[in-house]
Colleague: 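The structure under discussion is supplied below as C-alpha cells; questions concerning it will follow.
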Amino acid sequence: MSSIVNPHDHGHDDHHGAPSGFKRWLFTTNHKDIGSLYLIFALAMFIIGGAMAMVIRAELFQPGLQLVDPHFFNQMTTVHGLIMVFGAVMPAFTGLANWMIPMMIGAPDMALPRMNNWSFWILPFAFAMLLFSLFMEGGGPAFGWTFYAPLSTTYSNDNTALFVFAVHIMGISSIMGAINVVVTIVNLRAPGMTWMKLPLFVWTWLITAFLLIAVMPVLAGAVTMVLTDKYFGTSFFDAAGGGDPVMFQHIFWFFGHPEVYIMILPAFGVISTIVPTFSHKKLFGYASMVYATASIALLSFVVWAHHMFTTGMPLAGELFFMYATMLISVPTGVKVFNWVATMWRGAISFEVPMLFSIAFIVLFTLGGFSGLMLAITPADFQYHDTYFVVAHFHYVLVTGAVFSIMAAAYYWLPKWTGHMFNETLAKWHFWLSLISVNVLFFPMHFVGLAGMPRRIPDYALQFADFNAIISIGGFAFGLSQLLFVYVVYRCVKGGDAAPAKVWDGAEGLEWEVPSPAPYHTFSTPPEIK
Amino acid sequence: MKAYRFAVGWLAAMLPTAALSNSDYNMRQGVTDISQQVYDLHMTIFLICCAIGVVVFAIMFWAIIHHRKSKGVTPAQFHESTKVEILWTAIPFVILIAMAVPATKTLIAMEDTSKADITIKVTGSQWKWHYEYMGEGVDFYSVMSTSQDQISDKEAKGENYLLEVDKPLVIPTGKKVRFLMTSDDVIHSWWVPDFAVKKDANPGFINEAWTRVNDEGIYRGQCAELCGKDHGFMPVVVEAKSPEDFDVWLASQKSAKLEAEQASAALLDQTLPKDELMAEGETVYMAYCAACHQPTGLGLPGVFPAMKGSPVVTGPINDHIDIILHGRPGTAMQAFAKQLSIKQIAGVVTFKRNTWGNDTGDVVQPSQVQARLDAKQEEGK
C-alpha cells in the first residue's frame, strides 16, 4: 500500500527511518502496516478457501461422483470451513481493527506493537501447515471444521496432529490480537474520548475482543484433548475409557457459538458506521446499539447447545437452550430496527459501501430469520445438518460478515491508499455479487427443507435441479470476487486523489487526517469536543 | 405507493412456497401426527418471519425510494426515542412467547418415549445400520444397495438412487415404535424426514426416539451426521406394514434365521471348492470391504491399509481370520463376526489371499472360521 513513507505533518516521527523491502513488512510494528498485512492475508485466504468451495460446487453440480473421491471431498468441506473462519473473516476484521481503532480513538498506534507483529506473523505458518497437510499421505483433516470426536480422534488419519498444531497457532494469534485491542481501547483513547463517545466499530471490537479472550482457550483445550485422545491414550471423548463424545460437542460449541458472534459483532460496527454516513443522519440509537451488542455477547455464552439438539439432551436442557436462543433475536432485532430508523427520513446516497451495507441489512436479516426458525427445537430436528443450515450460516457469514468486510474495504480504501477506487467496476462487483450470492445460497433453503443432508459428495436425484443452479451461482460468485481483487489492486496502484474527508457525511477522527493516512498519526493526541 | 406494491409482490412470491407442502421445495408433512405438528410449527414460524420481514423491509425500501439524497431532501435530525425503543424490544418479545408455546408443547410430546408397543435398537457403524428387534431375536444389517456403477456414472441412475438398501427396517403402522440409538464407531444420526425423527447415534451411549406411523408405505432418509468417507452413502429405508403383515414378516424373519443357522452348521462338515469360495469372497469383498480397502486392494494410503501384499493377508491364516471376525480396536476396522456368515468370511479370506498378486494358495473353509469363533468364546470363559 502506498500509504507509507509519507512524512507529511508528522514527519518528525520518522527520524528512525523505516526499513525498506521485505524487512519492512517482516519487522514492522506499525499498526497500519500490520493492518495491511492482515487484510492482504485475509484476501489471499478468501481466494484459496473460495477455490475449495468451487471444487465442492463442481462435484455437486450433478448427481454421481465425477471429479473427486468422497475422502477428498470431506477434506475440501473441512478446510474450506477452517480457512474461511480462521483465515479469511477473522484476520480481515483484525486487519480492520489494526488500521482503524488507533485512528478512530486518536491513538498513535496499538498499545502492544511488537506483539502485534508476532500475532500476525505466526498466522502464515499455521495456514501453511494446514494447507500442506492436504498433500501428505492420507490427506488433510476430513472430519468437518467442527472436528467431532471420535471421527477426529480414533477414526482420523495421522496428519491430525498438524491440524491441532495449526489451530493452536491460530488461537494464540487471535488471543494476542484481542488482548492488544482491549489494552489499546482501554488505555490509548485520546483525552475526552469517553466510553459513550467511542465509535461503534470500536465498541463492537472491544466486546468481540473479550469474547475472543474468553473462548479461544476453550478451543485450545478441545484440540488438545483431541490430540491426547488420539496420540497419548487418554479417553476424554471415548466411552470405553469413561469419556463422552457428546462432551466434545459441548466444549466445542461453548467456543463455537461465541465464535460466530466474534465474526458478526465487528460487522455490526461497520454497518453502524457506514449507514449514518450515507444517510447523512446520526445513528438513531447509539446507546441502545452498545447495549444490544453487549447483550448479544452475554447471551452467546448460554446458547451453545442449540447446535446439539439431536444429540439426546434432557427435555429441560432443550427447552432452556431453545428459549435462550430465541431471546437473541430481540437485541439483534434492535440493531436492524436501528439501522432502518437511521435511514428513515435521511438523505440517502448510494455509494458502493452503502450498497453493500443495505444488502447486508436485508440478507443478514434473512439469515436471522432462518436462525430463529432453527432455534425452534422440534423444527430443528428436521432442519439440523441439512442444507437449510448451510443456507442459514452462509447468509449470516457471507452476505453478513463478508459483505460488511467489503463495505468496510470500499469505505476506507481511499483513506488507506489515498486513491479513489474505480466506482463503475466496484458497482459491477456489487451487483454481480448480490445476484450470484442469492442464486448460490437461496435455493439451499429449499433442498435443505426437502431433505438433503450437508457434507455429502453425492445426492438423490430429486435434488439435482437445485444443485445445478446453486453451483452456477457459486461459480458466478467466485468469479465476481476476482473483480474485487482487481478493483483493490488498481486502487492501491493509483487513481484519483482522495480528500481527507472522503465521504461528505462521514464522522470520526480518521477523516481528520490526510488521505492516505500518514505512516504515523495522532502522535499528539487530538482534541475531542 | 411503490413500497406497498413491492410488499404485495413479495408476499405473492412467498405464498406459492407456502402452498407447496410435501413438495420438493418445503419440509415434508410426513406420515405421523408429530411430523404434521412439526410441519405446522415450521410454517407458522416461517409466515411470522415473512410478516416481520415485509413490514421492516417495506419501511426500509420506502426510505430508500423516498428519502434519497438525489431527490434533494434535507435529512431529519431526530435520534433516540425511548418510547420507540421500548416498543421494538417489547413487540418481538411477545411474538417470541407466541412462538414458544406451541414449540414447547410439540417438544414435550416428541420426548415422551414411554408406553412403547415395540422397541428396536438402531446401531450405526461405518457405513451401515443395524436393526435389532428387542426381545424378538431378530436382527440384521441394512446396507445401501445402489451400485458403484451408478455412482460413477457408468450406469443409468435408478429412481431411488442412493436412497435404497438391501434390507429395509420394517415397522407396524399405528403402533408406538421406540428406537434405541447407539453406534459402534463414530457418531451417526438416524433420520427419516417423514417421521420427523432425527437422533444421533453416539458410541457408548443410548439415545431414545419414537414414532407412530399412520400410513403404510416406504419411507426414506439418510445419515445426517458426518461419519467419515461414505457418510453420503448410508441411507435409511423404513417400510411401514399393517400390524398383521408385520407379524407375518417377523415370523418369516425368525424362521429364515433358523434356516441360516442350520445351513451354517451343515457347512462345518463340508469342504467347499476354491472356485466357489473365491466367487463368494469377491462378492463379499466388494460389498463390505471395498469402501475402505478399495476394489483394487490398494487401500487409501495413510487412511486405509492396502490388502495387496499386506503382512496380515499374506501372514498366518488364523490372525487374518481373527481381525475380520473381531476388528482392530482403536482403528476403523470393525468386527464382522455378526455381520457375515462363516461361509462369507471363509470366502473373503480365501479371496484376499489369492488376489492382486497375493498368491498364498490358501483355501479357508467355513469350519476353520467357526473354530476361531469357538476359540474366542473359550477365551472369554
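Here the structure is a predicted model, which is why all the values come from computation and not from measurement. Reminder, nothing fancy here: chain letters follow the sequence lines and each chain counts from 1.
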Colleague: If I measure from the heavy atoms of chain B, does A:Q75 come under 4.5 Å with its side chain, its backbone, both, or neither?
Modeller: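 Neither part, no heavy atoms under 4.5 Å.
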Colleague: Measuring centre to centre across the rings, with the benzene-like ring taken for any Trp, is A:F147 within less than 6.0 Å of A:F252?
Modeller: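 Here the rings of A:F252 and A:F147 have centres that are less than 6.0 Å from each other.
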Colleague: Taking side chain as everything from C-beta outward and backbone as N, CA, C, O, which of these in B:L163 sits under 4.5 Å from a heavy atom of chain A? Side chain, backbone, both or neither.
Modeller: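 Contact with chain A: side chain only.
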Colleague: Using non-hydrogen atoms only, which part of B:F233 is less than 4.5 Å away from chain A: side chain, backbone, both, or neither?
Modeller: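 Contact with chain A: side chain only.
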Colleague: Go through the atoms of A:D458 and report whether side chain, backbone, both or neither lie under 4.5 Å from a heavy atom of chain B.
Modeller: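 Contact with chain B: backbone and side chain both.
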Colleague: Is the side chain of B:D153 donor-acceptor paired with the backbone N or O of A:G64 at a distance under 3.5 Å, no angle test?
Modeller: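 No; zero donor-acceptor contacts below 3.5 Å.
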Colleague: Contact between A:R454 and A:V389 at the side-chain level, heavy atoms closer than 4.5 Å - yes or no?
Modeller: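 Answer yes - side chains close enough.
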Colleague: For chain A, which candidate among B:G221, B:P75, B:A332 shows the most heavy-atom pairs at distances under 4.5 Å?
Modeller: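 When all of B:G221, B:P75, B:A332 are compared, B:P75 has the most.
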Colleague: Can you tell me which portion of A:P150 sits under 4.5 Å from chain B's heavy atoms? Options are side chain, backbone, both or neither.
Modeller: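 Interface part for A:P150: both.
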Colleague: Quiz question: by atom type and distance under 3.5 Å, do the side chains of A:D158 and A:Y231 form a donor-acceptor pair?
Modeller: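 Absent: no donor and acceptor within the cut-off.
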Colleague: Name the region of B:Q37, side chain, backbone, both or neither, that has any atom closer than 4.5 Å to a heavy atom of chain A.
Modeller: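 When you check distances to chain A, no heavy atom of B:Q37 falls under 4.5 Å.
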Colleague: Go through the atoms of A:D244 and report whether side chain, backbone, both or neither lie under 4.5 Å from a heavy atom of chain B.
Modeller: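 For A:D244, heavy atoms of backbone and side chain both lie under 4.5 Å from chain B.
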Colleague: For chain A, which candidate among B:A76, B:G232, B:G228, B:A209 shows the most heavy-atom pairs at distances under 4.5 Å?
Modeller: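 Most pairs with chain A among the choices: B:A76.
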Colleague: Which bit of A:A240 comes within less than 4.5 Å of chain B, counting heavy atoms only: side chain, backbone, both or neither?
Modeller: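 Neither part.
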Colleague: Within the side chain of A:H392, is there an N or O that forms a donor-acceptor pair under 3.5 Å with the backbone of A:G371?
Modeller: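 Between the backbone of A:G371 and the side chain of A:H392 there is a qualifying donor-acceptor contact (under 3.5 Å).
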Colleague: What part of A:V334 gets within 4.5 angstrom of chain B, counting heavy atoms only: side chain, backbone, both, or neither?
Modeller: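 Both backbone and side chain.
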Colleague: Taking the six-membered ring for Trp, are A:W344 and B:H67 closer than 6.0 Å centroid to centroid?
Modeller: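 So the answer is yes for these two rings.
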Colleague: What I'd like to find out is whether the side chain of B:S70 reaches to under 4.5 Å of the side chain of A:S349, using heavy atoms alone.
Modeller: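 A side-chain contact is absent here, since even the closest heavy-atom pair is not under 4.5 Å.
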Colleague: Under a 4.5 Å cutoff for heavy-atom pairs, which residue among A:P378, A:A379, A:A292, A:P453 has the most contacts with chain B?
Modeller: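 It is A:P378.
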Colleague: By a 4.5 Å heavy-atom criterion (distance strictly below it), what part of B:M110 contacts chain A: side chain, backbone, both, or neither?
Modeller: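 Answer is side chain: those atoms of B:M110 sit under 4.5 Å from chain A.
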Colleague: Under 3.5 Å, is there a donor-acceptor pair between the side chain of B:N207 and the main chain of B:K199?
Modeller: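 Between the backbone of B:K199 and the side chain of B:N207 there is no qualifying donor-acceptor contact (under 3.5 Å).
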Colleague: Flag the one option from B:I45, B:I95, B:V73, B:I151 with the top tally of heavy-atom pairs under 4.5 Å to chain A.
Modeller: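 Result: the option with the highest number of such pairs is B:I151.
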Colleague: Step through it carefully: locate the ring centre of A:H445, locate the ring centre of A:F442, and say whether they are under 6.0 Å apart.
Modeller: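 They qualify: ring centres under 6.0 Å apart.
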Colleague: Kindly indicate whether the side chain of B:I187, heavy atoms from C-beta on, has any atom under 4.5 Å from the side chain of B:P203.
Modeller: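 Side chain of B:I187 against side chain of B:P203, heavy atoms only: contact under 4.5 Å found.
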Colleague: For chain A, which of B:V303, B:L96, B:T106 has the most heavy-atom pairs under 4.5 Å?
Modeller: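 Top count of heavy-atom pairs under 4.5 Å with chain A: B:L96.
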Colleague: Under 4.5 Å heavy-atom distance to chain A, tell me which part of B:N160 shows up: side chain, backbone, both or neither.
Modeller: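 No part of it gets close to chain A.
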Colleague: Side chain from CB out, backbone as N, CA, C, O: work out which of these in A:A375 comes under 4.5 Å of a heavy atom of chain B, or both, or neither.
Modeller: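 Looking at A:A375, nothing touches chain B.
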Colleague: What do you reckon, are the aromatic ring centroids of A:F284 and B:H79 less than 6.0 Å apart?
Modeller: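 They do not qualify: ring centres at least 6.0 Å apart.
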Colleague: Measure distances from A:S279 to the heavy atoms of chain B and classify the residue's part below 4.5 Å as side chain, backbone, both or neither.
Modeller: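 The answer is the backbone of A:S279.
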Colleague: Tell me, for B:T104 versus chain A, whether the close heavy atoms (under 4.5 Å) come from the side chain, the backbone, both or neither.
Modeller: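 Answer is both: backbone and side chain atoms of B:T104 are under 4.5 Å from chain A.
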Colleague: Among B:P235, B:A63, B:G204, single out the residue with the greatest number of heavy-atom pairs under 4.5 Å to chain A.
Modeller: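 With the most close heavy-atom pairs to chain A, the winner is B:A63.
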Colleague: Is the side chain of A:D380 donor-acceptor paired with the backbone N or O of A:I376 at a distance under 3.5 Å, no angle test?
Modeller: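 No, because the side chain of A:D380 does not come within donor-acceptor range (under 3.5 Å) of the backbone of A:I376.
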Colleague: Answer with yes or no after comparing the ring centroid distance for A:F309 and A:F321 against a 6.0 Å cut-off, counting only values under it.
Modeller: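 No, ring centres 6.0 Å or more apart.
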Colleague: Under 4.5 Å from any heavy atom of chain B, what part of A:M136 do you find: side chain, backbone, both or neither?
Modeller: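 Contact with chain B is absent: no heavy atom of A:M136 under 4.5 Å.
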Colleague: At a heavy-atom separation under 4.5 Å, does B:I34 approach chain A through its side chain, its backbone, both, or neither?
Modeller: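 The answer is neither part of B:I34.
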Colleague: If you round to the nearest 0.5 Å, how far is CG of A:L355 from CZ of A:F278?
Modeller: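 A:F278 atom CZ to A:L355 atom CG measures 9.0 Å (nearest 0.5 Å).
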Colleague: Would you mind checking which part of B:F205 comes under 4.5 Å of any heavy atom in chain A, side chain (CB onward), backbone (N, CA, C, O), both or neither?
Modeller: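 For B:F205, the contact with chain A is made by the side chain alone.
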Colleague: Pick one of side chain, backbone, both or neither for B:S81, based on which atoms fall under 4.5 Å of a heavy atom in chain A.
Modeller: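 Contact with chain A: backbone and side chain both.
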Colleague: Can you tell me which of B:E159, B:E111, B:K198, B:H231 forms the most heavy-atom pairs within a distance under 4.5 Å of chain A?
Modeller: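 Going by pairs under 4.5 Å, I would pick B:K198.
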Colleague: Check whether A:P331 gets within reach of chain B through its side chain, its backbone, both or neither, counting any heavy atom under 4.5 Å.
Modeller: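 Neither part.
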Colleague: Does the side chain of B:H188 pick up a donor-acceptor pair with the side chain of B:N202 at under 3.5 Å?
Modeller: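 No.
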Colleague: Which bit of A:V362 comes within less than 4.5 Å of chain B, counting heavy atoms only: side chain, backbone, both or neither?
Modeller: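 It is both, since atoms from each part get that close.
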Colleague: If you compare all heavy atoms of B:N26 against all heavy atoms of B:H42, which two are closest, and at what distance to 0.1 Å?
Modeller: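 Heavy atoms only, the tightest pair is OD1-NE2, 2.9 Å.
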Colleague: Determine whether the aromatic ring centres of B:Y25 and A:F466 lie less than 6.0 Å apart.
Modeller: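 For B:Y25 and A:F466, the ring centres are under 6.0 Å apart.
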Colleague: Quick check on A:N159 against chain B: is it the side chain, the backbone, both or neither that has a heavy atom closer than 4.5 Å?
Modeller: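 For A:N159, no heavy atom lies under 4.5 Å from chain B.
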Colleague: At a heavy-atom separation under 4.5 Å, does A:F337 approach chain B through its side chain, its backbone, both, or neither?
Modeller: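 Looking at A:F337, backbone and side chain both touch chain B.
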Colleague: Using non-hydrogen atoms only, which part of B:I59 is less than 4.5 Å away from chain A: side chain, backbone, both, or neither?
Modeller: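 For B:I59, the contact with chain A is made by backbone and side chain together.
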Colleague: What part of A:L283 gets closer than 4.5 Å to chain B, counting heavy atoms only: side chain, backbone, both or neither?
Modeller: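 Backbone only.
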